[in-house]
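Throughout, residue positions are numbered sequentially from 1 according to the sequence presented.
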Amino acid sequence: MTKNLKGSLILLLTAIIWGTSFVSQKLGMNSVGPLTFIGLRTLLGSVVLLPFIFVADRGKEQKMSFKNKTLLKGGLVCGIFLCIASSLQTFGMVYIDAGKSGFLTSLYMIFVPIVGIFLGKGIKGQTIFSVLLALFGMYLLCMKGAFTLSKGDTFVLLGAIGFTFQIMAVDKYAALYNGLKLSCVQFFTAGILFSVMTLIFEKPSMAELLSAWLPILYTGVASCGIGYTF
């Protein structure tokens, strides 16, 4: 299997995982607040990666420690962008359905190449065509009626811009550091930030947490632990 084909299949699997996680996230937020949900999901994603990191490190003579300052810096930057983007997206999903949220979030497919141009990255004609075709397909699948931007739409759209910068940050740092450890630090950073905000603004009860345990578990393991790392 060629490297490009393997990468494409991994990204396709990621799209499937993320697509199903929108529905799960919407269900989970029927029981707990958005900050609580996203905070627990993100911390769980960090924990899920630890056994994979342990297995990947076995037998290696040179291992990148979590104490590595450059690794921590990269994970911190990616985690802050992830926290901002996820916050905006999650607050938006309180007001709009999962399908529309999925469409608006997918707009990062256009934002990433545009930002890349300003960073000196080239863009091919077939990339532009593929992006437009994908967005048109997403529009047909997800949008209902006229395209109007409500408060929820605006939050999710701003979240897509946030994810654009998070993707660009990952693109920069993942090539320099261990990808699994970078992802783990990223989730841990975002999870801590969300946890602080949860304690300040939401303070969920144990009953609320227990009622949302399955969506939190699925999105934490699949969407964060597997999807973002893929």
Side-chain angles (χ1 to χ4, degrees), residues 14 16-53 66 72 75-106 108 150-163 165-166 170 182-230:
T14 302
I16 295 172
I17 292 172
W18 279 350
T20 56
S21 72
F22 277 104
V23 178
S24 184
Q25 183 170 338
K26 188 72 174 180
L27 291 173
M29 290 192 301
N30 289 333
S31 302
V32 296
L35 290 173
T36 301
F37 183 90
I38 198 72
L40 290 174
R41 183 193 78 171
T42 310
L43 284 175
L44 181 57
S46 179
V47 173
V48 165
L49 289 179
L50 293 177
F52 292 98
I53 292 172
F66 279 113
L72 292 176
L76 181 65
V77 171
C78 294
I80 291 173
F81 278 126
L82 178 61
C83 179
I84 295 172
S86 297
S87 297
L88 291 166
Q89 180 201 60
T90 304
F91 278 117
M93 288 184 68
V94 173
Y95 305 100
I96 62 177
D97 60 60
K100 197 171 188 181
S101 177
F103 167 72
L104 292 173
T105 301
S106 72
Y108 69 74
S150 64
K151 178 168 66 174
D153 298 333
T154 303
F155 274 126
V156 177
L157 186 59
L158 291 173
I161 297 175
F163 280 121
F165 288 99
Q166 185 260 346
V170 171
L182 176 69
S183 193
C184 185
V185 175
Q186 170 187 233
F187 294 142
F188 184 73
T189 299
I192 291 298
L193 293 174
F194 278 120
S195 297
V196 172
M197 290 188 288
T198 296
L199 293 175
I200 295 174
F201 297 110
E202 292 182 353
K203 300 177 182 178
S205 66
M206 184 57 67
E208 292 173 337
L209 296 177
L210 291 175
S211 65
W213 74 269
L214 187 57
I216 291 173
L217 179 65
Y218 175 76
T219 54
V221 174
S223 179
C224 282
I226 299 175
Y228 274 107
T229 304
F230 275 1

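- At distances below 3.5 Å, not a single donor-acceptor pair connects side-chain atoms of Ser24 with backbone N or O atoms of Ser21.
- One finds the CZ atom of Phe91 at 7.5 Å from the CZ atom of Phe155 (value rounded to the nearest 0.5 Å).
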Solution key, residues 79-88 side-chain donor-acceptor pairs under 3.5 Å, sequence neighbours excluded:
unit_1: Ser86; atom_1: OG; unit_2: Leu82; atom_2: O; d: 2.9
unit_1: Ser87; atom_1: OG; unit_2: Cys83; atom_2: O; d: 2.7

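- For Leu49, the side-chain contact (heavy atoms from CB on, under 4.5 Å) test picks out Ile53, Leu180, Ser183, Cys184, Phe187, Thr229, with sequence neighbours left out.
- In this structure, Thr154 contributes its side chain and Ser150 its backbone to a donor-acceptor pair below 3.5 Å.
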side-chain contact (heavy atoms from CB on, under 4.5 Å) between Val32 and Leu40: does it pass, once the steps are laid out? CA-CA 11 Å; Val32 296; Leu40 290 174; over 6 Å; no

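- Atom-to-atom distance recorded for Lys151:NZ and Asp153:CG is 11.5 Å, nearest 0.5 angstrom.
- Here the closest non-hydrogen pair linking Val94 and Pro34 is CG2-CG, 4.3 Å.
- You'll find the side chain of Lys26 stays beyond 4.5 Å of the side chain of Pro215, heavy atoms only.
- For the pair Val48 and Cys224, the minimum side-chain heavy-atom distance is 4.5 Å or more.
- For the atom pair Leu27 CG and Leu214 CG, the distance stands at 9.5 Å (nearest 0.5 Å).
- Expressed to the nearest 0.5 Å, how far CG of Leu76 lies from CD1 of Ile192 amounts to 12.0 Å.
- A donor-acceptor pair is defined here as one N or O able to donate and one able to accept, closer than 3.5 Å; such a pair exists between the side chain of Ser211 and the backbone of Glu208.
- In terms of heavy atoms, Leu104 sits closest to Ile96 at CD1-CD1, 4.2 Å.
- The structure places CG of Leu35 at 10.5 Å from CE of Met29, a figure rounded to the nearest 0.5 Å.
- Applying the side-chain hydrogen bond (donor to acceptor under 3.5 Å, both in side chains) rule to pairs touching residues 40-52 yields Gln25-Arg41, sequence neighbours excluded.
- Separation of atoms CD1 (Ile38) and CG (Leu193) is listed at 12.5 Å; rounding is to 0.5 Å.
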side-chain contact (heavy atoms from CB on, under 4.5 Å) between Gln89 and Phe22, worked out: CA-CA 10 Å; Gln89 180 201 60; Phe22 277 104; 3.4 Å; yes

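- Contact check for Gln166 versus Tyr108: no side-chain heavy atoms found under the 4.5 Å cut-off.
- For the pair Thr105 and Trp18, the minimum side-chain heavy-atom distance is 4.5 Å or more.
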Given side-chain contact (heavy atoms from CB on, under 4.5 Å), test Ser223 with Tyr218 step by step and report yes or no. CA-CA 7 Å; Ser223 179; Tyr218 175 76; 5.9 Å; no

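- Counting heavy-atom neighbours within 6.0 Å of Phe165 CZ, excluding the residue itself, gives a total of 12 or less.
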